[in-house]
**Student:** 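Quick one: the structure is below, questions incoming.
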Amino acid sequence: ILDEFQALYEKYDVLVTAGGGPAPRLDTQAAHQFVDKWRSASTYTPFSVSGGPTLALCIGFSEQGLPLSMQISGRPYNDAMVLRVGHAYEKATPWRDRRPELVPGAAEIPVVPKDKPRHATPIDPADRAFVTAQAQRAGLKLSDAQIDDLAVCAPFIFQAAARIRRDQPWDRSPSNVFSFAPPAG
C-alpha cells in the first residue's frame with residue numbers, strides 16, 4: 001500500500017475522498033459488531049494502514065440534519081499540510097458555523113445504548129487459541145469477551161495480511177522513514 005501511495009504522494013499534496021455518512025446516532029453504534037469493521041474495507045481503510053494523516057471535515061448535512069463528511073489525507077508525517085488544507089476549506093464553506101438549535105426547556109432525547117449483540121459469526125477454536133496465545137505473549141490481560149471479539153475478526157485480519165506483498169527488501173521499513181544498511185557479505 002505504501003508503494004502504491006508513494007506515486008500519489010509525489011504527484012499531489014493531499015488526497016480528498018468521501019467520508020462516511022451520514023453520521024449515525026450514538027445509541028446505534030453498539031448494534032454494530034466489532035467484526036463488521038474488519039469484514040470489508042471502507043473509505044477509511046487505506047489511510048488507517050498507510051501511516052498518512054487524515055482529517056474528516058463536514059461537507060453538509062443529510063435531510064435528517066446529520067453531518068456528512070469528506071477526508072483529507074496526506075503524506076506520512078505531513079500533518080501540517082493536511083491541517084492547512086482543512087483550515088482553508090473550513091474558511092471557504094459555511095458548514096463550520098452551523099450549530100444545533102438548542103431549545104430552552106425542551107425534553108432531552110435519551111441515548112440508550114442497545115445491548116451489544118453476541119457474535120453471529122461462529123468463533124473457530126483454533127483462531128481463539130491463537131489470539132489468546134498472542135495476547136498472552138504481548139502481556140495483555142483481556143477478558144473472554146475481548147478475546148472473542150478478536151477471534152471472530154481473526155479470519156478477516158489473516159486474509160488482509162496474506163495480501164501484503166512479501167517481496168520487499170528486509171531493510172525497508174513500513175513507516176517509510178528508516179532504512180538500514182544490508183549486512184556486509
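Keep in mind that the numbers below use all heavy atoms, side chains included, and drop hydrogens, waters and symmetry copies.
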**Student:** Is it true that Arg84 and Asp13 have a side-chain N and a carboxylate O under 4.0 angstrom from each other?
**Tutor:** no
**Student:** Between Asp149 and Cys153, which heavy-atom pair has the shortest distance, and what is it?
**Tutor:** O-SG, 3.3 Å
**Student:** Taking all non-hydrogen atoms of both residues into account, name the closest pair between Leu66 and Pro22 and its distance.
**Tutor:** CB-CB, 3.9 Å
**Student:** Could you measure the distance from the SG atom of Cys58 to the CE atom of Met70? Nearest 0.5 Å is fine.
**Tutor:** 9.5 Å
**Student:** Could you give me the CA-CA distance, side-chain angles and deciding distance for Leu150 and Leu142, then say whether side chain to side chain contact (heavy atoms under 4.5 Å, CB included) is met?
**Tutor:** CA-CA 10 Å; Leu150 292 175; Leu142 302 178; 3.7 Å; yes
**Student:** Has Gln146 got a side-chain atom pairing as donor or acceptor with Ser143's backbone, closer than 3.5 angstrom?
**Tutor:** yes
**Student:** Ignoring hydrogens, what is the shortest heavy-atom contact between Ala126 and Asp124? Give both atom names and the distance.
**Tutor:**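 It is N-OD1, 2.6 Å.
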**Student:** So which atom in Ser73 and which in Thr54 form the shortest heavy-atom distance, rounded to 0.1 Å?
**Tutor:** OG-OG1, 2.9 Å
**Student:** Do Met81 and Leu55 share a hydrophobic cluster (ILVMFWY, side-chain heavy atoms under 4.5 Å, transitive)?
**Tutor:** yes
**Student:** Over all heavy atoms of both residues, which pair between Phe61 and Gly65 is shortest? Give the atoms and the distance, please.
**Tutor:** CD2-O, 3.4 Å
**Student:** Taking Val14 as the starting point, is it possible to reach Tyr89 by hopping between hydrophobic residues whose side chains are less than 4.5 Å apart?
**Tutor:**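 Yes: a chain of side-chain contacts under 4.5 Å links Tyr89 to Val14.
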**Student:** Given the rule that I, L, V, M, F, W and Y join up when any side-chain heavy atoms are under 4.5 Å apart, are Val85 and Trp95 in one cluster?
**Tutor:**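 Yes; tracing contacts between hydrophobic side chains, which count when under 4.5 Å, links both residues.
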**Student:** Tell me yes or no: between the side chains of Gln71 and Thr17, is some donor less than 3.5 Å from an acceptor?
**Tutor:** yes
**Student:** For the CZ atom of Arg128 and the CD1 atom of Ile147, what is their distance to the nearest 0.5 Å?
**Tutor:**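 So the CZ of Arg128 and the CD1 of Ile147 are separated by 6.0 Å.
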**Student:** In Å and rounded to the nearest 0.5 Å, what is the CG to CG distance from Asp148 to Asp127?
**Tutor:** 11.5 Å
**Student:** Please check if atom OH in Tyr12 has more than 12 non-hydrogen atoms from other residues, nucleotides or ligands closer than 6.0 Å.
**Tutor:**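 For Tyr12, atom OH is not crowded (no more than 12 foreign heavy atoms under 6.0 Å).
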**Student:** Mind listing the closest non-hydrogen atom pair of Ala151 and Ile123 along with its distance?
**Tutor:**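 Result for this residue pair: CB-CG2, 3.6 Å.
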**Student:** Please round to the nearest 0.5 Å and tell me the distance separating atom NZ of Lys11 and atom CD of Gln6.
**Tutor:**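 Taking NZ in Lys11 and CD in Gln6, the distance rounds to 14.5 Å.
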**Student:** So how far is it from Glu10 CD to Phe5 CZ, rounded to the nearest 0.5 Å?
**Tutor:**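 It is 13.5 Å, given to the nearest 0.5 Å.
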**Student:** Going hydrophobic residue to hydrophobic residue with side-chain gaps under 4.5 angstrom, can you get from Leu57 over to Leu83?
**Tutor:**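 Per the 4.5 Å side-chain linkage, Leu57 and Leu83 are co-clustered.
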**Student:** Can any side-chain N or O of Arg75 pair as donor or acceptor with the backbone N or O of Tyr9 at less than 3.5 Å?
**Tutor:** yes
